Amino acid sequence: MPVTIGSRPPANSRDPIGWMTECHRRVENFLLVLLKAGELQGRLLSKEERDALETALEYFREAAPKHTEDEERSLFPRLRNLEFPGRATVLALIDELERDHSVAQSWHQEMDELGRRWLAAGSLPAVEAARFQDLARELDRLYQSHIEIEEKRIFPAAAGRLPSDELKVIGEEMAARRGLRSTFDEHT
């Protein structure tokens, strides 16, 4: 089930770099929900707080991994196959980003377990609530740096160097991961 915040424009496989950037805004919005939940110290949640926490956990469990795949299976391999000035720096950054993905996945799994316990039990013991808050803060720090590297270094390198046919394939792969029809298939 897709998760959205507000009125999201339809995904556009014609601009995969823009689509990935749009995903970052959703990551940031759902991180804010987790940070706010962490401040509640595991107390009994209102219906609105429960719904927000459930939605954020679902986003990071179901939707965010598709974004990671977009990068690790579609974008990064294509950048690795190109020769260009500054390539060694970009490849080192990609390696760092992939390590971030692994760390984030582990933290999200732990946070998801804590969040599900919180939702099931109605509250969290103080130690678990503190861990939830710590994880939210650590994820926020990780993503701030991660997103900055991608948006200032990796995405511009890709947009400026990948041929349009490669960008088209990336967009099609992103659409397929989400069970969407590629906008390249549409007759406009």
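Being a predicted model, the structure only gives us computed values, none of them experimental.
Summarising the geometry, atom CG belonging to L135 is positioned 4.5 Å from atom CD belonging to E110; distances are rounded to the nearest 0.5 Å.
The pair D70-R178 meets the salt-bridge criterion, with a side-chain N (NZ, NE, NH1 or NH2) lying under 4.0 Å from an Asp/Glu carboxylate O. A salt bridge links D51 to K47: at least one charged side-chain nitrogen sits closer than 4.0 Å to a carboxylate oxygen.
Residues satisfying the side-chain contact (heavy atoms from CB on, under 4.5 Å) criterion with A129, sequence neighbours excluded, are L124. Partners of A64 by side-chain contact (heavy atoms from CB on, under 4.5 Å), not counting sequence neighbours, listed by chain and number: Y59, F60. Remark: D112 engages R61, R116 in a side chain to side chain donor-acceptor pair (under 3.5 Å) (not counting sequence neighbours). Remark: E138 pairs with R141 by the side chain to side chain donor-acceptor pair (under 3.5 Å) rule, at least two apart or across chains. Listed by chain and residue number, nothing satisfies the side chain to side chain donor-acceptor pair (under 3.5 Å) test with R50 (two or more places apart in sequence, or in another chain). In this structure, R99 has no salt bridge (charged side-chain N to carboxylate O under 4.0 Å, His left out) partners at least two apart in sequence or on a different chain.
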Do any side-chain atoms of residues 145-156 form donor-acceptor pairs under 3.5 angstrom with protein atoms, and if so which ones, sequence neighbours left out?
| unit_1 | atom_1 | unit_2 | atom_2 | d |
| --- | --- | --- | --- | --- |
| H146 | ND1 | D100 | OD2 | 3.0 |
| H146 | NE2 | H101 | NE2 | 3.2 |
| H146 | NE2 | E150 | OE2 | 2.8 |
| E150 | OE1 | H24 | NE2 | 2.6 |
| E151 | OE1 | R25 | NH2 | 3.4 |
| E151 | OE2 | H24 | ND1 | 2.7 |
| E151 | OE2 | R25 | NH1 | 3.1 |
| E151 | OE2 | R25 | NH2 | 3.0 |

Can I get a per-line list of side-chain donor-acceptor pairs under 3.5 Å for residues 35-45, giving both atom names and the distance, sequence neighbours left out?
| unit_1 | atom_1 | unit_2 | atom_2 | d |
| --- | --- | --- | --- | --- |
| R43 | NH1 | E49 | OE1 | 3.0 |
| R43 | NH2 | E49 | OE1 | 3.4 |
| R43 | NH2 | E49 | OE2 | 2.7 |

Which pairs would a plain distance check flag for residues 75-84, meaning a side-chain donor or acceptor within less than 3.5 Å of a matching protein atom at least two apart in sequence or in another chain?
| unit_1 | atom_1 | unit_2 | atom_2 | d |
| --- | --- | --- | --- | --- |
| R78 | NE | E166 | OE1 | 2.5 |
| R78 | NH1 | S74 | O | 2.7 |
| R78 | NH1 | E173 | OE1 | 3.2 |
| R78 | NH2 | E173 | OE2 | 3.0 |
| R80 | NH1 | E98 | OE2 | 3.3 |
| R80 | NH2 | D95 | OD1 | 3.1 |
| R80 | NH2 | E98 | OE1 | 2.8 |
| N81 | ND2 | P77 | O | 3.2 |

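Residues D140 and L32 form no side-chain contact, since every pair of their non-hydrogen atoms from C-beta on lies 4.5 Å or further apart.
Within a 6.0 Å sphere centred on CD of E28, heavy atoms belonging to other residues, nucleotides or ligands number more than 12.
Aromatic pair Y143/H108: centroids less than 6.0 angstrom apart.
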Working for side chain to side chain contact (heavy atoms under 4.5 Å, CB included), residues Q133 and L114: CA-CA 10 Å; Q133 187 174 38; L114 289 168; over 6 Å; no

Salt bridge (Lys or Arg N to Asp or Glu O under 4.0 Å) between E22 and R26, worked out: CA-CA 7 Å; E22 182 184 295; R26 284 189 292 283; 3.0 Å; yes

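Minimum interatomic distance between A52 and V33 (heavy atoms only, all atoms of both residues): O-CG1, 3.4 Å.
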